[in-house]
Amino acid sequence: MTKLSLLLILLCGPFFLPAQQLNVLWIIGEDVSPDMACYGHPGVWTPHIDQLAADGVRYTRAYTTAPVCSPSRSAFMTGMYQMSIGAHNHRSHREDGYTLPPGVKVITDWLRDKGYYTANLVNLTGDPNEKYFKGTGKTDWNFHYEGKPFDSKNWSDLKDHQPFYAQVNFPETHRGGAWNNSHKNIERTANPDSVLLPPYYPDHPEARAVWAQYLNTIMSLDRKVGKVLELLERDGLADNTVVIFMGDHGRAMVRSKQWPYESGLRVPLIIRWPKGMTPPDGFEAGTVSDRMLYSIDVSATTLAIAGIQPPLGMQGRVFLGEWNSPDRQYVFGGRDRGDETVDRIRTVSDGRFRYLRNFYPDRPFLQTNRYKENEYPIIHLMRELQAEGKLTPDQERLLAPTRPTEELYDLRSDPYELNNLAKDPVYRDVLERLRGVLDAWMIEINDQGRIPESPEIPIFWENKMKEIYDTRIEAMLKKRANKQ
């Protein structure tokens, strides 16, 4: 973030205009790619999300700025690239009191200044014994916030506190208990024998079972989305509430979460405008948009829906209504340290090609990360099959000891990003163009990832992850060995 950007925020602040008193509700699925039926994914049934898309606009090229939760959430709750505000390292600044740069706020603060009530919903039904239809209340920001960022966690407070901005976070598609039990909460489950696996996974019953369970989590998520839409109708809120459904980053699978490919950065985004309310320019119900945009643009657009022109230094752009910005020509992203795993990758896409730069090419693609070692059984399956010589070259690449410094993929002909064109002379002009665009962007946003963390921080996380996971991983590997 440049000094000029910060100065503009401080001097100008947000500009308020009278607006329709619209409520805004974000429904956030954790760790989910656009793998719903309305996006064309086979073997998954998502009637509520599909209906939301039919009633709204479905965006096909929406991205987060990071492929893991805390930097991504730090970005979309401020409308700023995480690299600009020092929030790029996953689970950083939890103990040191680090706060946002001067003039940068979470969007709930801008909205409160406009008179909006804010909520991060946990309790949806009012039943204290209800365990399924609940939100997590997740924030997971890489900065310290003084005070309460939200006014409430209860759905029951919304009707009497309008206008409101609320978000509800659902955990099904995140690895853990909700993931493991999702198949128990839906009427129709995915068939492992008919799932469509990415070609970088082995076609093996275990991989198929994992993918089928991922689809089950999406179907469980869909059921919860349906509940929220039902509550809006029940309480008379549907007619003045803009509903925004999105993921916080890509799916929790190998080569997706924590990897800034399409599979880690592209997310579902669906916006429904309330019937009877005049829609903004750029919105036509029942349509599909291939406009490239970010989750930080959702932040800026949310302010605009509330009648607030985003501050001039905000990096997110409005894509609906009066302050609609020109279409983005490029979208950027990246990852940095994740838990104990030190890394830095930056990427840019122009919609046709994706370019990535690995700042640690001497390290393996699957660097040690105990969270993934414990939660992603496909990693262990692939190692076992590699030892047996049963992997394809595309699958072997995930287990390589090093990485290329640069990667370039033609997304039109190679949607799974398998064929690296970085050394192909036919694509030299594309490579040089995107390389230069990325260099300029890192300077423009003052990318703080160029400054290494103190060595004590990765050591802290190394010890912490050992404490949490080593015993679990040992037991899991022993169980796998006994099955063979």
Side-chain angles (χ1 to χ4, degrees), residues 27-54 58 60 67 131-134 136 169-229 245-257 259 261-264 266-270 372 374-382 385 392 394-395 398 415-416 476 480 483:
I27 306 174
I28 303 172
E30 298 186 37
D31 303 16
V32 65
S33 295
D35 296 323
M36 297 84 197
C38 59
Y39 280 94
H41 197 88
V44 61
W45 299 274
T46 50
H48 303 294
I49 296 172
D50 297 351
Q51 187 61 54
L52 193 67
R58 176 171 62 85
T60 63
K131 298 186 182 300
Y132 179 67
F133 288 115
K134 294 178 75 71
T136 63
N169 295 272
F170 289 134
E172 278 63 34
T173 42
H174 190 292
R175 299 289 181 129
W179 169 293
N180 296 335
N181 292 301
S182 284
H183 60 288
K184 301 175 184 178
N185 296 310
I186 55 178
E187 295 182 1
R188 186 178 182 183
T189 57
N191 181 358
D193 294 333
S194 61
V195 299
L196 178 64
L197 288 173
Y200 43 77
Y201 293 162
D203 189 355
H204 184 278
E206 185 174 4
R208 287 183 165 275
V210 172
W211 194 272
Q213 186 62 10
Y214 166 60
L215 298 185
N216 290 336
T217 70
I218 292 176
M219 289 186 275
S220 183
L221 169 63
D222 180 76
R223 185 181 171 201
K224 288 189 171 181
V225 171
K227 184 66 174 180
V228 171
L229 299 179
F245 169 76
M246 66 179 182
D248 66 349
H249 57 76
R251 65 180 81 95
M253 302 283 280
V254 180
R255 207 181 188 266
S256 297
K257 182 177 181 178
W259 285 281
Y261 295 103
E262 290 282 303
S263 52
R266 194 163 74 95
V267 293
L269 175 63
I270 298 169
K372 288 184 287 192
N374 186 67
E375 298 289 348
Y376 293 8
I378 290 178
I379 291 177
H380 304 287
L381 170 66
M382 293 182 72
L385 294 177
T392 68
D394 288 334
Q395 295 156 9
L398 297 182
Y416 290 107
M476 178 265 296
R480 291 186 69 90
K483 284 184 177 181

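This structure is a prediction, so every number in the text was calculated from the model and none was measured. Atom set for the values below is all heavy atoms of this structure, side chains included, hydrogens, waters and symmetry mates excluded.
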Look up atom [atom1] in [X] and atom [atom2] in [Y], then write down how far apart they are to the nearest 0.5 Å.
| X | Y | atom1 | atom2 | result |
| --- | --- | --- | --- | --- |
| Arg208 | Leu197 | CZ | CG | 5.0 Å |
| Asn216 | Thr189 | CG | OG1 | 5.5 Å |
| Asp222 | Lys227 | CG | NZ | 14.0 Å |
| Ile218 | Met36 | CD1 | CE | 5.0 Å |
| Ile186 | Leu215 | CD1 | CG | 9.0 Å |
| Tyr201 | Leu381 | OH | CG | 11.5 Å |

Parallel, tilted or perpendicular, as decided by the 30° and 60° cut-offs, for the rings of Tyr416 and Tyr200: perpendicular
Full working for side-chain contact (heavy atoms from CB on, under 4.5 Å) between Arg175 and Met253: CA-CA 9 Å; Arg175 299 289 181 129; Met253 302 283 280; 3.1 Å; yes
Is the shortest side-chain heavy-atom distance between [X] and [Y] below 4.5 Å?
| X | Y | value |
| --- | --- | --- |
| Asp35 | Val44 | no |
| Pro34 | Arg266 | yes |
| Arg480 | Pro377 | yes |
| Lys224 | Pro171 | yes |
| Met219 | His48 | no |

Trp259 six-ring face occupied by Arg255 cation (under 6.0 Å, within 45°): no
side-chain contact (heavy atoms from CB on, under 4.5 Å) evaluation trace for Leu221 with Phe245: CA-CA 11 Å; Leu221 169 63; Phe245 169 76; 4.2 Å; yes
Search all heavy atoms of [X] against all heavy atoms of [Y] and return the closest pair with its distance.
| X | Y | result |
| --- | --- | --- |
| Trp211 | Val195 | CD1-CB, 3.8 Å |
| Arg251 | Ser256 | O-CB, 3.0 Å |
| Asn181 | Gln213 | N-NE2, 4.4 Å |
| Cys38 | Ile270 | SG-CD1, 4.2 Å |

Test side-chain contact (heavy atoms from CB on, under 4.5 Å) applied to Val32 and Glu172, step by step: CA-CA 9 Å; Val32 65; Glu172 278 63 34; over 6 Å; no
Check ion pair Glu375-Lys257 (N to O, under 4.0 angstrom): no
Worked check of side-chain hydrogen bond (donor to acceptor under 3.5 Å, both in side chains) between Tyr39 and Ser33: CA-CA 10 Å; Tyr39 280 94; Ser33 295; over 6 Å; no
Option from Val254, Asn374, Leu398 for which side chain to side chain contact (heavy atoms under 4.5 Å, CB included) with Ile379 holds: Val254
